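Note sheet for the following structure.
Fair warning: this is a prediction, and the values are worked out from it, not measured in the lab. Order of listing sets the numbers, starting from 1, for every ligand and every atom in it.
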Amino acid sequence: MTYVRYSVPIHPAPNRAPHPNRFKVKIHRLELAKLLVRELIEYRGNLDTVLSRPCVYGVFSSPVGGFMAREEYCVGCLRCTIQHPNIIDILPNPDRLELGDTYIDPDMVETLLYEAASGRVPVRGAGYGGGFGGAGWDGMWTDMSEIVRPTRDGIHGREFISTSVQLGWKPLMLEFDDRGDLQSSANGLIELPMPVLFDQLPIPDSSAYAATAAGASTLETLAIVPVEHLNRNLSKSNSVVPLVEPHEIKRLHNQGRSFQMIELMGWDAAAYAQLSTDYPNSIVTIRLPADADLSEALDAGVAVFHLVADYHGQTATGFIMQAIRDTHENLIARGIREQVTLIGSGGIALAEHVPKAIIAGLDAVAIETAVLIALQAQFQGEVRVLGAAQIELPSTDPEWASQRLVNLLGSWRDQMLEILGAMGLREVRRLRGEIGRAMFQAELEREAFSEIDGYK
Ligand code: SF4
């Protein structure tokens, strides 16, 4: 046996569709011309001085300088407009503000595009300028105390931090029969090198599913694909998890092969029993709303659940984070948390959402809208209410698309390593349910302000 360290094959995969610049550089040309004439006189025709540019980023370095600004280079430092307020205005680009929707804002879109194009961790040298709390995942803060950093630098490979997770029923102890022969088995567990799967997508696009299947295969993870999209190529992939409605089991049989994992839409005892019998070597996962009661399925022996919220992370009872925490704690109360696997999806759209979802109680996450953004899909409205016709993919090149997804998850894994290293954790499995590593804004505010009149 040879030890092979897991690594993600990252290669540049630049954007294919045009992407709006961050800023509009508005030049008052008449004022600029006046300035040039004035300076020509003042500096006695010294062209070096007159043609010097106020922007080190090259925005005014086209052959005609500021008369045709290169807006794509503008970083919004405002140096130029402070020096020449009557000539230059730097404005937010309205086209960029249209990106994403009310959950995935333009900054998130740009972050995802950068990750998908480069596979690198986005770093902003100017520091974080946003809010320190908010709705959804922003209501959880992670505790990365410097004092617990024995494993930092995992991202650079000097010390190994495991990001692998196991899906399936995990026996708590080994069991032996009267003759001493081992009865329990760890067979049937699926080990993934990172806790991220590709989920069913908001658009029924076969080329997008081809990309998730190919990306999952390269990353050694799984791609959930509705059974109606299992064409000849996809059905050969070992990374594909068919998603079936109870009435579609016959369609699955038509594939004529087995799968590592099969996902059943909703709880249906008869369909679950049939799938378990027909596919004894496959893990059968049940896809349920994130706030569903799992009791009946647990009693029937289901070991892997996929808990789903909408694309903005909303369930009937609120944001998915609380639903995960409740389910995780219910399983602990039943004494079976270690055996059961929870996968979650809905509203997990940035790298930092993954460790936060795992802290809330998931074993692994599945992503969908982030996949579409990585492929430069354009949303014409709110993604959670959009029809397929309102989501456009710019390219169907399978090689480019799968590399974008590989890059995306390569970047997310590096960011996970950063967080685990900063927390002093050597494996992501120890992060699951580790709420001692998190602070919740709502709880802290309640503790601090609940005795003050007027606090709600
Ligand atoms: S804002 Fe900064 S980067 Fe943009 S044009 Fe002005 S000087 Fe250049």
Please table the atom pairs, donor to acceptor, closer than 3.5 Å between any side-chain atom in residues 211-226 and protein atoms at least two apart or in another chain.
{"from": "T212", "atom 1": "OG1", "to": "Y209", "atom 2": "O", "distance (Å)": "3.0"}
{"from": "T218", "atom 1": "OG1", "to": "A214", "atom 2": "O", "distance (Å)": "3.1"}
{"from": "T221", "atom 1": "OG1", "to": "V196", "atom 2": "O", "distance (Å)": "2.7"}

Name the one of T163, I161, L409 that satisfies side-chain contact (heavy atoms from CB on, under 4.5 Å) with M416? T163
Could you tell me whether R325 sits above the aromatic face of F440, with NZ or CZ closer than 6.0 angstrom to the six-membered ring centre and within 45 degrees of the axis?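 Because its charged atom sits under 6.0 Å from the ring centre and within 45° of the axis, R325 does stack over F440.
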Within less than 2.8 Å, report the number of protein N/O/S atoms around atom 6 (Fe) of ligand 1. 1
salt_bridge([X], [Y]) N-O dist < 4.0 Å:
X    : Y    : result
D397 : R404 : no
R22  : E71  : no
R70  : E72  : no

